[in-house]
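Below is one structure, written out as structure tokens; the observations come after it.
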Amino acid sequence: MAAKTDSISHDSHRRTILITAGPTHEPIDAVRFIGNRSSGRMGTALATEAARRGWNVTLLMGPAPVAPTDTDIRLVRFRTCADLQGLLREHVPHSDVLVMAAAVADYRPKVDPQFFGGKFRRKSENLTLELEPTPDLLAEVAKTRRPDQLMVGFALEPRAELLQSARDKLIRKQIDLVVGNPLETMDSESVEAIVLTKDGRETRTPAVMSKTAFAPWLMELIEAAWRDRSA
Ligand code: CTP
């Protein structure tokens, strides 16, 4: 059975978690895009685990081939960073926890208006594509968050820089928890992670884990941070 894609009224007494997953596709013209190798598996596993633990779950999912099968999960699709920005503005105010597992593009093509709705043609000379930076969506929503909300980000980094970059992201994005993964995690079946919290705690995965085994491990830490926050 497929996850629900229409709007459903979630149980109001249950806590709500908003999870983003998968890549973004940033259009170059009507048929081409810049994307990345994110598979969406991590976010899907987290959404499935959160639903199993009784959370109201909304999964904002980019153009990835996977989708949760749990019918309790509200699934909303996005394609670009701009689509996701609109969805976050709509959904974050109604969420208790945000988990930003999506691999959002850092740059997008400045689409030449003459190619809107069409495609550019091959020519013999080189073609230069101009890219503009995208907004940092997590930092943006964290700026206007309520104090009772918990915000979780990811840091995908080369192993040697993982710890320092994850710490920097925690502070720069003003979030509560950051999950640092080495670059090899993207598009892989397994995960190795270090989780850092705002209050200075560091927790490492005991070993390389499957993404399915990792989901309960991480949800445990998210729920503990959530309990600390609302205590
Ligand atoms: N993220 C975001 N908006 C972006 C890019 C990333 O919200 N435009 C989120 C990701 O979903 C992730 C976190 O920010 O939770 C870290 O993403 P990452 O690409 O590792 O880091 P950047 O913020 O892009 O920083 P840098 O390029 O310096 O690594």
- [ ] Apply the test side-chain contact (heavy atoms from CB on, under 4.5 Å) to residues Q174 and K198: give CA-CA distance (whole Å), side-chain angles for both, the deciding distance (0.1 Å), then the verdict.
- [x] CA-CA 9 Å; Q174 302 265 308; K198 214 168 49 175; over 6 Å; no
For a 4.5 angstrom cut-off between non-hydrogen side-chain atoms, does [X] reach [Y]?
| X | Y | result |
| --- | --- | --- |
| L18 | V99 | no |
| V66 | S39 | no |
| L131 | R108 | no |
| T20 | L88 | yes |
| E202 | I194 | yes |
| K169 | F154 | no |
| E132 | Y107 | no |
| T212 | R41 | no |

- [ ] Sequence neighbours left out, what passes salt bridge (charged side-chain N to carboxylate O under 4.0 Å, His left out) with R79? Give chain and number order.
- [x]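 For R79, no residue satisfies salt bridge (charged side-chain N to carboxylate O under 4.0 Å, His left out) once neighbours in sequence are set aside.
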Main chain of [Y], side chain of [X]: is a donor-acceptor contact present, judged purely on distance under 3.5 Å?
| X | Y | answer |
| --- | --- | --- |
| E49 | F214 | no |
| T205 | E192 | no |
| S210 | S190 | no |
| E26 | A105 | no |
| N36 | A103 | yes |
| T16 | N56 | no |

- [ ] Determine the interplanar angle of the W226 and W55 rings, folded into 0 to 90°, and report it as parallel if under 30°, tilted if 30 to 60°, perpendicular if over 60°.
- [x]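 Answer is perpendicular, since the angle exceeds 60°.
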- [ ] Enumerate the residue pairs fulfilling salt bridge (charged side-chain N to carboxylate O under 4.0 Å, His left out) with a member in residues 56-66, sequence neighbours excluded, ordered by first and then second residue.
- [x] none
Rounded to the nearest 0.5 Å, what separates atom [atom1] in [X] from atom [atom2] in [Y]?
| X | Y | atom1 | atom2 | answer |
| --- | --- | --- | --- | --- |
| I34 | I28 | CD1 | CD1 | 4.5 Å |
| D83 | T24 | CG | OG1 | 9.5 Å |
| L183 | R37 | CG | CZ | 9.5 Å |
| F78 | L87 | CZ | CG | 8.0 Å |
| I222 | L150 | CD1 | CG | 7.5 Å |
| I175 | L177 | CD1 | CG | 7.5 Å |

Open item on the list: What verdict does the side-chain contact (heavy atoms from CB on, under 4.5 Å) test give for Q85 and T80, after you've listed the backbone C-alpha separation in whole Å, the side-chain angles of each residue and the deciding distance to 0.1 Å?
Closed with: CA-CA 9 Å; Q85 185 174 36; T80 63; over 6 Å; no
Open item on the list: Pairing donors with acceptors under 3.5 angstrom, does anything connect the side chains of S165 and D168?
Closed with: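 Result is no, nothing qualifies.
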Closest heavy-atom contact between [X] and [Y]?
| X | Y | result |
| --- | --- | --- |
| P23 | P63 | O-CD, 3.2 Å |
| A67 | L75 | CB-CD2, 4.3 Å |
| V141 | L98 | CG2-CD2, 3.6 Å |
| L163 | R204 | CD2-NH2, 4.4 Å |
| G43 | L59 | O-CD1, 4.0 Å |
| A51 | V57 | N-CG2, 3.5 Å |

Open item on the list: Please enumerate all residues that pass side chain to side chain donor-acceptor pair (under 3.5 Å) together with T203, with sequence neighbours excluded.
Closed with: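 Here no residue qualifies.
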Open item on the list: Using a 6.0 Å distance limit plus a 45 degree cone around the ring axis, check whether R32 lies over the aromatic ring of F120.
Closed with: yes
Task: From CA spacing to verdict: side-chain contact (heavy atoms from CB on, under 4.5 Å), M151, V97 - done: CA-CA 6 Å; M151 307 232 148; V97 177; over 6 Å; no
Please determine whether a side-chain nitrogen of the Lys or Arg among [X] and [Y] lies less than 4.0 Å from a carboxylate oxygen of the Asp or Glu.
| X | Y | value |
| --- | --- | --- |
| E140 | K173 | no |
| R15 | D96 | yes |
| D176 | R229 | yes |
| D228 | R201 | yes |
| R53 | E220 | yes |

- [ ] Using the side-chain contact (heavy atoms from CB on, under 4.5 Å) rule, take S95 and T58 through it: C-alpha gap first, then chi angles, then the decisive distance, then the call.
- [x] CA-CA 9 Å; S95 306; T58 298; over 6 Å; no
Open item on the list: Same cluster or not: V152 versus W217, using hydrophobic residues (I, L, V, M, F, W, Y) connected whenever any side-chain heavy atoms lie under 4.5 Å apart?
Closed with: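 Cluster IDs for V152 and W217 match.
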